[in-house]
Amino acid sequence: MHQLVNRPKSLIGKVDVPGDKSIAHRALILNSLAKGISIVRGLPVGEDVKATELCLKDLGVRIEKVNSSGDLRIYGSEGALRKSLGNLDARNSGTTMRLLSGALASQSFTSVITGDYSLLSRPMDRIIKPLNLMGACVSGAMEDSLPPITIKGGDLHGIEYTLPVASAQVKSCIMLAALRASTPTIIHQPALSRDHTERMLDSMGAKVIRRGFQLEIFPGVLKSFDLSIPGDISAASFWMVAGICHANAQLKINNIGINPGRIGIIEALKSMGANLFLEKQHVEAGEPCADILIESSSLVGVEIGGDLIPRLIDEIPVLAVAACFAKGTTVIKDASELRVKESDRISTIVRELTKMGASIEERSDGMVIHGKGKLEGAEVGSYGDHRLAMALGVAGLVADNDTIIDGSDAVGVSYPQFWDQIDLFTKE
Ligand code: S3P
């Protein structure tokens, strides 16, 4: 499928974004493992979270729709899942594969988790290694580095482990396994990443001690937890950049999660001079939340790297679009993790923005963008990557002339309503 996008005269109004995908995966998985019945509200309708729900159902968890909004009632299994009849399919979702692996490592049966073409090329050694150290027997394709992965659950013991990358998925995988180990587990993180799992475990009665970047997880049974999921800051970031780069914009996005491990995009855009304001800050489901107000802005180029990268890792494609509109040069470095996301996001965004007239150079760990204050509409492709499709959609909203995004259906993974919302502005 393809989508035509062009620049509307104005971008003024309120936008509703889907519920936070990261929190949604965790709400489904942790409540499925807990003792008791929970209700989870505000789930996003994208394919990734659906993949987690279907895998959990395949593992014997009873999950029912409560209403037409898609809110779910989950009957917790008290940690005892049931062997799936076939392979589990995580589809495009790395979070599904990595977090479920942690939960399956202590089960008394063998599971196989597979995924789509993109997921089959994403690194899994980062979870296979620590789970094996804990006593599970986990293997994967290509010398235990790629999916599909086979998890023969076992009696686990705690480990002390230093994460090779600041990955919330790997950290969460180990934390899930640690809940069912015989002794506590210590995780050393190289930098802060999103801490949704830690927060949810706190709310569910687990004992997790944090000492700076170090976590200690104690084995225990979880209590089910009702929650309403706040809006997804990663989805909101597309509107943030659209509003900032459009000359006549004022956008409001209500009730967005502003977890400290996710707000790197807000910090980066503000350091570039963005008119971006947080209002009505409050806490919901153990997560800080706020309304976000965005206005047209004059941006300057900045250098982005180091500890900021894990806190805006998913937003770099759209940040590159903002950098095209900044005065001066933006350098994005220390971001080689981008090469192992749903696509190689360094090379794909550089290639597609070049088609739109950007002055952008690829680096092994990032990119350098010389802002020209404009982009030119072109025919571009998503590589089947939802965030690339949406970043290019934003580029189309602020570029001169028409942009056609091929493979636009990729947005279904996290934000199926995206093009309909864009059309509301462009077809006014
Ligand atoms: C996620 C963590 C990030 C992010 C992904 C979702 C999560 O991955 O890119 O989209 O929900 O934990 P890593 O933690 O592997 O960097």
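When reading the values below, keep in mind they use all heavy atoms of this one structure, side chains included, and skip hydrogens, waters and symmetry mates. One is the number of the first residue; the rest follow in order along the sequence. Bear in mind the structure is a predicted one, so any value in this text is a computation, not a measurement.
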Under 3.5 Å, is there a donor-acceptor pair between the [X] and [Y] side chains?
| X | Y | answer |
| --- | --- | --- |
| Asp291 | Gln281 | no |
| Ser296 | His246 | no |
| Arg199 | Ser203 | no |
| Asn401 | Glu376 | yes |
| Ser172 | Arg98 | no |
| Glu379 | His2 | no |
| Ser343 | Thr348 | yes |
| Ser234 | Glu315 | yes |
| Lys171 | Ser193 | yes |
| Asn259 | Asp195 | yes |
| Thr52 | His25 | yes |
| Tyr383 | Arg345 | no |
| His196 | Glu198 | no |

Output yes when [X] and [Y] qualify as a salt bridge under the 4.0 Å nitrogen-oxygen rule, no when they do not.
| X | Y | answer |
| --- | --- | --- |
| Arg73 | Glu64 | yes |
| Arg262 | Asp232 | yes |
| Asp71 | Lys65 | no |
| Arg211 | Glu216 | yes |
| Glu143 | Lys129 | no |
| Glu361 | Arg363 | yes |
| Lys341 | Asp385 | no |

Which heavy atom in [X] sits nearest to a heavy atom in [Y], and how many Å separate them?
| X | Y | result |
| --- | --- | --- |
| Leu312 | Ile265 | CB-N, 3.6 Å |
| Leu131 | Ser101 | CD1-O, 3.8 Å |
| Ile369 | Ala323 | CD1-CB, 3.7 Å |
| Ala105 | Ala177 | CB-CB, 4.4 Å |
| Leu81 | Gln107 | N-OE1, 2.9 Å |
| Gly301 | Ala326 | N-CB, 3.7 Å |

Taking the side chain as every heavy atom from C-beta outward, state whether [X] and [Y] have any atom pair closer than 4.5 Å.
| X | Y | result |
| --- | --- | --- |
| Glu337 | Ile309 | no |
| Leu88 | Ser111 | yes |
| Thr330 | Glu303 | no |
| Lys374 | Asp400 | yes |

Run through Leu299, Leu375, Ile360 and flag the one making a side-chain contact (heavy atoms from CB on, under 4.5 Å) with Cys324.
Leu375
Sort out for me which residue in Leu269, Val398, Leu397 forms a side-chain contact (heavy atoms from CB on, under 4.5 Å) with Val241.
Leu269
Nearest 0.5 Å, what's the [atom1]-[atom2] distance between [X] and [Y]?
| X | Y | atom1 | atom2 | answer |
| --- | --- | --- | --- | --- |
| Ile316 | Ser237 | CD1 | OG | 11.0 Å |
| Arg194 | Ile23 | CZ | CD1 | 9.5 Å |
| Cys173 | Leu163 | SG | CG | 10.5 Å |
| Leu179 | Thr185 | CG | OG1 | 9.0 Å |

Hits for side-chain hydrogen bond (donor to acceptor under 3.5 Å, both in side chains) against Arg387, two or more places apart or cross-chain, chain-then-number order -> none
Sequence neighbours left out, what passes side-chain hydrogen bond (donor to acceptor under 3.5 Å, both in side chains) with Asp202? Give chain and number order.
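Asp202 satisfies side-chain hydrogen bond (donor to acceptor under 3.5 Å, both in side chains) with no other residue.
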Give every residue pair that meets the salt bridge (charged side-chain N to carboxylate O under 4.0 Å, His left out) criterion with at least one member in residues 48-61, sequence neighbours excluded.
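Qualifying pairs: Lys21-Asp48, Lys50-Glu53, Glu53-Lys57.
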Surrounding [atom1] of [X] (heavy atoms of other residues, nucleotides or ligands, distance under 6.0 Å), is the total greater than 12?
| X | atom1 | result |
| --- | --- | --- |
| Lys355 | NZ | yes |
| Lys152 | NZ | no |
| Glu279 | CD | yes |

Please lay out, stage by stage, how Ser347 and Arg351 fare under the test side-chain hydrogen bond (donor to acceptor under 3.5 Å, both in side chains).
CA-CA 6 Å; Ser347 93; Arg351 208 172 309 150; 3.2 Å; yes
Which residues share a ring pair (Phe, Tyr, Trp, His ring centres under 6.0 Å) with Phe325, sequence neighbours left out:
none
Using the ring pair (Phe, Tyr, Trp, His ring centres under 6.0 Å) rule, collect all pairs that involve residues 401-428, keeping only residues at least two apart or in two chains.
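Non-adjacent pairs meeting ring pair (Phe, Tyr, Trp, His ring centres under 6.0 Å): Phe238-Phe418, Trp239-Phe418, Trp239-Phe425, Tyr415-Phe418.
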For Ser336, what residues pass the side chain to side chain contact (heavy atoms under 4.5 Å, CB included) criterion, not counting sequence neighbours?
Asp365
